[in-house]
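Start at 1 with the first residue, then count along the sequence. Values in this document were obtained by computation on a predicted structure and should not be read as measured data.
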Amino acid sequence: VYEGGPGYSLPGPGKSPPEEDEDIGKSLALGTATLDTSMQFLASGAAPVAYYDYKTGPYWASHNNPKDRVPYPTWIALEMKNNLCPGDLLVVDAVDVRRSDIPDKEVIKTTNDGKGAKAKVTGRKGVPTTVCYAFRDGDKFSVMLLNRSMTEPRKVALELPPGVSGASKKHVLTHPDPKAHNRFEQNVKAQASDGPEFKSGMEVEIPPGSIIILTKAS
């Protein structure tokens with residue numbers, strides 16, 4: 001898949017990008033959603049997905065401006081996956097997960113003339129609120145947790161593969177407000193700390209609209 005990342009509605013010819021669209025596109029929420037989509041591609045066997053585009057500015061960009069080069073959360077989220085999750089994607093069984101039915105939604109679809117056109121996004125039933133992915137590369141092991149809820153933290157319990165134990169490092173992309181963005185300064189940044197002990201039954205709380213990656217401590 002040659003092109004991936006957050007989507008934007010194009011304005012009419014000669015018009016500036018809508019400020020609200022830019023705020024959302026550069027937010028933590030869209031960073032989590034972009035990684036979420038990329039991981040679904042990977043899990044279905046469509047990979048790699050190329051980020052569009054490595055540049056500064058509005059729309060499909062990775063950083064805010066040439067001087068400050070503050071990375072947008074969409075870029076940070078994919079960077080975390082690439083740097084922290086080496087190896088093979090493992091099969092993960094969801095034992096008991098909260099699910100929601102997403103209804104159909106009328107939207108304005110992007111068109112080349114910038115005017116847009118009405119369209120319908122088909123809803124889905126039984127969408128999990130939290131998602132878990134696991135990777136293994138020799139003795140390296142990592143777990144990625146995504147919280148799709150914008151309003152509440154979600155606690156998950158993990159049953160780990162045989163032989164996975166010991167200290168972990170916890171890498172988090174979060175902010176008290178999932179709508180926080182990095183357009184002008186780095187409000188959303190990845191943070192690392194000592195994580196919980198790897199053991200079956202361990203519990204991890206994911207903040208709203210956020211990403212947590214646990215790796216085995218070296």
Side-chain angles (χ1 to χ4, degrees), residues 1-8 17 19-43 47-87 89 130-135 137 140 142-151 153-154 156 168-195 204-218:
V1 180
Y2 76 97
E3 183 178 304
Y8 297 89
E19 289 296 308
E20 184 179 9
D21 281 10
E22 284 296 300
D23 288 350
I24 294 173
K26 277 64 179 179
S27 68
L28 168 63
L30 258 290
T32 301
T34 298
L35 178 60
D36 194 355
T37 303
S38 179
M39 289 304 304
Q40 290 181 63
F41 272 112
L42 180 62
V49 179
Y51 185 91
Y52 186 85
D53 191 5
Y54 182 67
K55 65 176 185 178
T56 61
Y59 290 130
W60 299 274
S62 55
H63 296 71
N64 68 336
N65 63 61
K67 178 182 178 182
D68 299 321
R69 295 196 64 79
V70 173
Y72 294 135
T74 51
W75 180 262
I76 300 172
L78 295 176
E79 188 176 44
M80 288 173 67
K81 184 272 169 189
N82 290 339
N83 290 338
L84 300 172
C85 301
L89 184 64
T130 53
V131 192
C132 174
Y133 295 97
F135 299 81
D137 183 18
K140 296 179 181 178
S142 55
V143 177
M144 176 191 296
L145 300 168
L146 306 177
N147 184 359
R148 291 168 170 164
S149 172
M150 293 276 287
T151 58
R154 297 296 300 162
V156 299
S168 76
K169 294 291 290 185
K170 182 179 179 182
H171 310 264
V172 183
L173 187 64
T174 190
H175 190 279
D177 179 9
K179 294 182 180 180
H181 57 77
N182 284 4
R183 291 183 65 193
F184 310 113
E185 58 185 355
Q186 191 158 4
N187 297 304
V188 182
K189 62 182 68 176
Q191 303 176 37
S193 63
D194 291 336
V204 183
E205 185 171 274
I206 321 166
S210 299
I211 301 162
I212 290 179
I213 297 178
L214 300 175
T215 61
K216 287 192 69 174
S218 56

Would one find more than 12 heavy atoms of other residues, nucleotides or ligands at under 6.0 Å from atom NZ of Lys189?
no
What's the verdict on side chain to side chain contact (heavy atoms under 4.5 Å, CB included) for Leu173 and Met80, showing C-alpha distance, side-chain angles and the deciding distance?
CA-CA 9 Å; Leu173 187 64; Met80 288 173 67; 3.7 Å; yes
What closest approach, in Å, do Cys85 and Phe135 show between heavy atoms, and which atom pair accounts for it?
CB-CD1, 3.5 Å
Do the side chain of Asn187 and the main chain of Ala180 share a donor and acceptor less than 3.5 angstrom apart?
no
Looking at Asp53 and Ala61, would you say the former's side chain and the latter's main chain have a donor-acceptor pair under 3.5 Å?
no
Would you say Tyr8 has more than 12 foreign heavy atoms packed within less than 6.0 Å of its OH?
yes
Output yes when a side-chain donor or acceptor of Trp75 lies under 3.5 Å from a complementary backbone atom of His63, and no otherwise.
no
Using 4.0 Å as the upper bound for N to carboxylate O, is an ion pair formed by Lys170 and Asp194?
no
Hey, does Ser27 have a side-chain heavy atom less than 4.5 Å from the side chain of Thr74?
no
Please report the closest heavy-atom contact between Ile212 and Val204, naming both atoms and the distance.
CD1-CG1, 3.9 Å
Taking the side chain as everything from C-beta on, heavy atoms only, tell me whether Val156 gets closer than 4.5 Å to Leu145.
yes
Where is the tightest heavy-atom contact between Arg69 and Pro66, given as atom of each residue plus distance?
CG-O, 3.4 Å
Report the C-alpha distance between Ile206 and Leu146 in whole Å, list the side-chain angles of each, state the deciding distance to 0.1 Å, and finish with yes or no for side chain to side chain contact (heavy atoms under 4.5 Å, CB included).
CA-CA 7 Å; Ile206 321 166; Leu146 306 177; over 6 Å; no
Output for pair (Glu19 CD, Ile24 CD1), nearest 0.5 Å, gives 11.5 Å
Quick check for you: to the nearest 0.5 Å, what is the distance between Asp68 atom CG and Gln186 atom CD?
10.5 Å
Side chain Glu22, main chain Arg183, donor-acceptor under 3.5 Å
no
State whether the side chain of Thr32 and the backbone N or O of Gly209 hold a donor-acceptor pair below 3.5 Å, judged by distance alone.
yes
Pro178 and Pro208 have their tightest heavy-atom pair at CG-O, 3.7 Å
Tyr72 versus Asn64: any side-chain heavy-atom pair under 4.5 Å?
yes
So how far is it from Ser142 OG to Ile213 CD1, rounded to the nearest 0.5 Å?
7.0 Å
Using modelled atom types and a 3.5 Å cut-off, is there a donor and acceptor pairing between side-chain atoms of Asn147 and backbone atoms of Ser210?
no
Taking every non-hydrogen atom, the tightest pair across Leu89 and Ala43
CD2-CA, 3.7 Å
Evaluate side chain to side chain contact (heavy atoms under 4.5 Å, CB included) for Met144 paired with Lys81, printing each intermediate quantity in order.
CA-CA 8 Å; Met144 176 191 296; Lys81 184 272 169 189; 3.5 Å; yes
In sequence, state the C-alpha distance, the side-chain angles, and the governing distance for Met150 and Asp177, and then conclude on side chain to side chain contact (heavy atoms under 4.5 Å, CB included).
CA-CA 9 Å; Met150 293 276 287; Asp177 179 9; over 6 Å; no
Closest non-hydrogen atom pair between Thr215 and His171, with its separation:
OG1-NE2, 3.2 Å
Spell out, as yes or no, whether a donor-acceptor pair under 3.5 Å connects the side chain of Asp137 to the backbone of Pro86.
no
Donor-acceptor pair, Ser38 side chain versus Leu35 backbone, under 3.5 Å?
no
Would you kindly say whether Thr34 and Tyr51 are connected by a side-chain donor-acceptor distance under 3.5 Å?
no
So do the side chains of Lys179 and Leu28 get within less than 4.5 Å of each other, counting heavy atoms only?
no
Donor-acceptor pair, distance only, cut-off 3.5 Å: does the side chain of Ser62 make one with the backbone of Lys55?
yes
Looking at Lys26 and Pro71, would you say the former's side chain and the latter's main chain have a donor-acceptor pair under 3.5 Å?
no
Could you walk me through whether Gln40 and Asp36 pass side-chain hydrogen bond (donor to acceptor under 3.5 Å, both in side chains), step by step?
CA-CA 6 Å; Gln40 290 181 63; Asp36 194 355; 3.3 Å; yes
